[in-house]
Amino acid sequence: MAAAGEANGGTGKLESSLDVPFPSSREATIALRSLSPDKEPRKGGISKLITVSGSTLSRWSADEARILRVSVNSFLDHLSLVMETMEMFGP
Amino acid sequence: MTVVIGFEGSANKIGIGIIRDGEVLSNPRRTYITPPGQGFLPSDTARHHRAVILTVLKEALEQAGLKPADIDCVAYTKGPGMGAPLVTVALVARTVSQLWGKPLLGVNHCIGHIEMGRLITKANNPTVLYVSGGNTQVIAYSEQRYRIFGETIDIAVGNCLDRFARVIKISNDPSPGYNIEQMAKKGSQYVELPYTVKGMDVSFSGILSYIEDAAHKMLSSGQCTSEDLCFSLQETLFSMLVEITERAMAHCGSQEVLIVGGVGCNLRLQEMMGVMCKERGAKLFATDERFCIDNGAMIAQAGWEMFRSGQVTELEDSWITQRYRTDEVEVTWRD
């Protein structure tokens with residue numbers, strides 16, 4: 001799992017991206033469809049995009065570091081729960 | 001034969017239950033209990049649920065003696081409730097729904113309580129008093145909706161009780177409301193509190209402020225005991241609930257009352273409601289703590305009704321919501 005964070009001086013926005021490998025695209029798609037329905041609790045200042053191509057890729061942009069940190073942390077907690085569920089109840 | 005598994009975790013209880021055509025096959029549950037004087041916060045509650053949910057899921061399947069292939073539908077609480085715990089539970093429900101290839105159903109928590117009450121008590125068409133830590137509503141069914149006839153205009157009655165329990169620092173095990181009920185039995189002095197029925201509705205935040213203040217003044221001066229305050233609070237709150245329930249019954253011409261929700265376990269509330277029902281020649285229905293406290297089987301039961309009447313929740317629409325009115329749901333399974 002590779003993660004990268006960078007400050008984009010131009011727009012004052014912070015970005016972070018995560019590349020999560022899965023054993024198969026089926027599992028990656030299951031994770032995507034479990035993780036994407038819920039909206040971010042925070043109304044503004046954060047946007048998140050999750051896509052799948054073989055593995056699951058998520059991309060964030062936020063106005064402040066702490067908003068970005070909270071969102072990425074929550075995502076990682078949720079992701080690990082989904083992965084544990086797949087491990088325990090998968091085929 | 002339709003088998004539904006239900007996931008519930010909107011407050012501090014995490015429960016997963018399996019129902020097959022009206023029979024409860026399993027209903028394991030765990031409660032997140034905080035130290036005396038403390039309530040439960042969303043992130044801590046979510047963390048608690050996350051730690052135990054997969055174990056509880058295993059238990060539900062094992063106790064029912066079923067395999068995932070035997071399940072027909074996966075139901076979960078869409079709302080209302082606390083955001084973080086709701087998400088934790090929804091994630092697992094969505095994931096197993098996809099893993100097992102079963103349809104998903106987002107259930108309204110309040111309707112879960114109602115449908116479980118109807119199943120267990122076999123009440124025909126009751127006026128429902130739904131009272132818990134998070135909700136206080138008087139509900140009656142009419143034309144495909146569970147209509148809200150009266151409700152709290154601020155906090156739930158259970159919330160008032162729980163927060164008072166924190167002030168007098170009693171244990172939250174098994175629940176603050178249960179411990180208030182036990183203490184109230186030993187109360188002897190009635191302390192007059194504000195009585196705030198507002199037409200069809202009720203208000204509790206003023207009573208809470210008043211009794212918090214009274215507790216600090218009267219307990220330190222020895223004017224009364226905590227038991228007296230517990231007793232007085234219950235008598236006041238429950239009288240108000242009986243009044244608005246009776247008002248709704250009079251409007252609907254109803255001869256049945258069903259009490260659901262965690263506060264419904266309270267025997268004093270049941271007793272007081274029973275007196276009013278007897279006076280009107282009506283019947284009172286209530287369930288025991290297995291089903292009036294939040295549990296997974298109630299979500300499974302509501303899911304069973306919804307699924308059999310053709311409803312399904314697409315994954316893209318399966319987001320959770322902290323606010324979800326009881327009358328927003330189309331009750332397609334009743335005439």
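As the structure is a computational prediction, the values presented were derived from the model and not from experiment. Each chain gets a letter, A, B and so on, in the order the sequences are listed, and its residues count up from 1.
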Inset, instruction - Give, for atom OG1 of B/Thr88 and atom CG of A/Asp77, the distance between the pair rounded to the nearest 0.5 Å. - result: 8.5 Å
Legend entry - Residue-level contacts of residues 50-60 of chain B with chain A, using a heavy-atom cutoff under 4.5 Å: B/Arg50, B/Ile53, B/Leu54, B/Leu57, B/Lys58
Legend entry - B/Thr95 side chain near A/Met88 side chain, heavy-atom distance below 4.5 Å: no
Inset, instruction - Please name the pair of heavy atoms, one in A/Ile30 and one in B/Leu99, separated by the smallest distance, quoted to 0.1 Å. - result: CD1-CD2, 3.8 Å
Legend entry - Distance-minimising heavy-atom pair for B/Gln98 and A/Thr29: OE1-O, 4.0 Å
Legend entry - Nearest-0.5 Å distance that lies between atom CG in B/Leu315 and atom OG in A/Ser34: 6.5 Å
Inset, instruction - Identify the two heavy atoms, one from A/Phe89 and one from B/Trp100, that lie closest to each other, and give their separation to 0.1 Å. - result: O-NE1, 3.4 Å
Legend entry - Heavy-atom contact with chain A under 4.5 Å, split by part of B/Leu86: neither
Legend entry - Part of A/Ser36 lying under 4.5 Å from any heavy atom of chain B: neither
Inset, instruction - Would you mind checking which part of A/Glu27 comes under 4.5 Å of any heavy atom in chain B, side chain (CB onward), backbone (N, CA, C, O), both or neither? - result: neither
Inset, instruction - Specify which of B/Val96, B/Asp317, B/Val87 makes the most heavy-atom pairs with chain A at under 4.5 Å. - result: B/Val87
